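Report on one structure; see the data block that follows.
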Protein chains: 2
Amino acid sequence: MISKQEFIEKLRNSSLRPTKQRINICEVLFNRDKTFHFTINDLFNLIKDKTGEKVSLATVYNTVHAFHKKGYLKEIPINSNQTYFDTNVTDHHHFFDVKEEKLIDLKNEDVGPIEIQKSIPGKKIKSVEVLVKLED
Amino acid sequence: MISKQEFIEKLRNSSLRPTKQRINICEVLFNRDKTFHFTINDLFNLIKDKTGEKVSLATVYNTVHAFHKKGYLKEIPINSNQTYFDTNVTDHHHFFDVKEEKLIDLKNEDVGPIEIQKSIPGKKIKSVEVLVKLED
DNA sequence: TCGTTGTTTATAATTATTCTAAAGAAGATT
DNA sequence: AATCTTCTTTAGAATAATTATAAACAACGA
């Protein structure tokens, strides 16, 4: 069990006041053992299920975006109708099971170092992400 | 200059009848030296500009999707409001300039071999794609 | 040429996301 | 604790990409 203080700290760091709704969002996002891949809609539904309280969709969007901006959530680059996020913000990659629309973590050592041998003048590398699509 | 016959062949292979509109789409997509990264909207506008003839948006969507399904176009996994496609369907990767929303090809040898050391039972790898985000 | 089947098109429908503005809650000040 | 200011929540409207619809039209084969 993670303390509510940690959620409040995350919220404050993201310039958000700790409200009941946002604490509920944190509960669903961060109170877990394993990494969590989700869409806004997944999260929206889980909040109702897990906390028994409804939070408006707009608040879910706003809070997720603030956490993403602050670096507490990572956006997963994948073409889907919905945007996927990940609570694991460390450097890592993904499998995407196209049929089941499911994401699976790939540890960095499962992929090995990736050397980018090309550079663009005036630009620096912000992130390197590998997406491995899976089929049956 | 690529012959119209090639376009017709691509269309037939994709189970599409060669109509005037579809030939125009092919003209914009495939009659070029370099690889072409685009959104449906880019393409829609370019058709008007380059051929002088308007093709309905629905037809652009349908044709692009048929080509994608057949493997004549590649979808680029990136989170954006619009879906990006690529006429270069060979195995390769991308830079994405986040600020300018621009894609740049990365040759396979610019990245080097990527070894995926993990497997999921019952699933096989369909594709491995690297996205390198660039910032200033 | 005729009949069948596939295609184009404008427009409506759908869906994810963002915006808005009014009512409510948090935080600071006394 | 009362008050004031600022931020937040919310339902619903607005936006934007994509998909569906169905009537007019074009390709193809006989």
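In the text below, chain A, chain B and the rest are named by the order of the sequence lines, each starting its count at 1. Here the structure is a predicted model, which means the values were calculated and not measured.
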Worksheet entry | Test item: side-chain donor near acceptor, T59(A) and N62(A), under 3.5 Å |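 N62(A) and T59(A) do not have a side-chain donor-acceptor pair below 3.5 Å.
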Tell me: [atom1] of [X] to [atom2] of [N], nearest whole Å?
X: Y84(A); N: dT17(C); atom1: OH; atom2: P; answer: 11 Å
X: E75(A); N: dA16(C); atom1: CD; atom2: P; answer: 16 Å
X: F85(A); N: dA16(C); atom1: CZ; atom2: P; answer: 14 Å

Worksheet item: Do you know which two heavy atoms are closest between E53(A) and N24(A), and how far apart they sit?
Response: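 Nearest pair, atom of E53(A) first, then N24(A): OE1-ND2, 2.7 Å.
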Item to complete: Provide the closest heavy-atom pair for K123(B) versus E100(A) in the form atom of the first, atom of the second, distance.
Response: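 What the structure gives for the nearest pair is NZ-OE2, 3.6 Å.
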Discussion item. Salt bridge or not between D136(A) and K124(B)? Use side-chain N to carboxylate O under 4.0 Å.
Written reply: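 Result for this pair is no, no salt bridge flagged.
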Taking the six-membered ring for Trp and the full ring for Phe, Tyr or His, determine whether the centres of [X] and [Y] are under 6.0 Å apart.
X: F30(B); Y: F67(B); value: yes
X: Y72(A); Y: F7(A); value: no
X: F85(A); Y: H37(A); value: no

Would you say a side-chain N or O of [X] is under 4.0 Å from OP1 or OP2 of [N]?
X: T83(A); N: dA16(C); result: no
X: Y61(A); N: dT18(C); result: no
X: H65(A); N: dT18(C); result: yes

Output one line per pair: protein atom, nucleotide atom from nucleotides 21-26 of chain C, and distance, for all N/O pairs under 3.5 Å.
from, atom 1, to, atom 2, distance (Å)
dA26(C), N3, R17(A), NH1, 3.4

Worksheet item: Among D105(A), T35(A), N108(A), which one satisfies side chain to side chain donor-acceptor pair (under 3.5 Å) with H92(A)?
Response: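 The option that passes is D105(A).
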Worksheet item: Earliest and latest nucleotide of DNA chain D, 5' to 3', sitting under 4.0 Å from a non-hydrogen atom of chain A?
Response: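 Contacts span dT6(D) to dA11(D), reading 5' to 3'.
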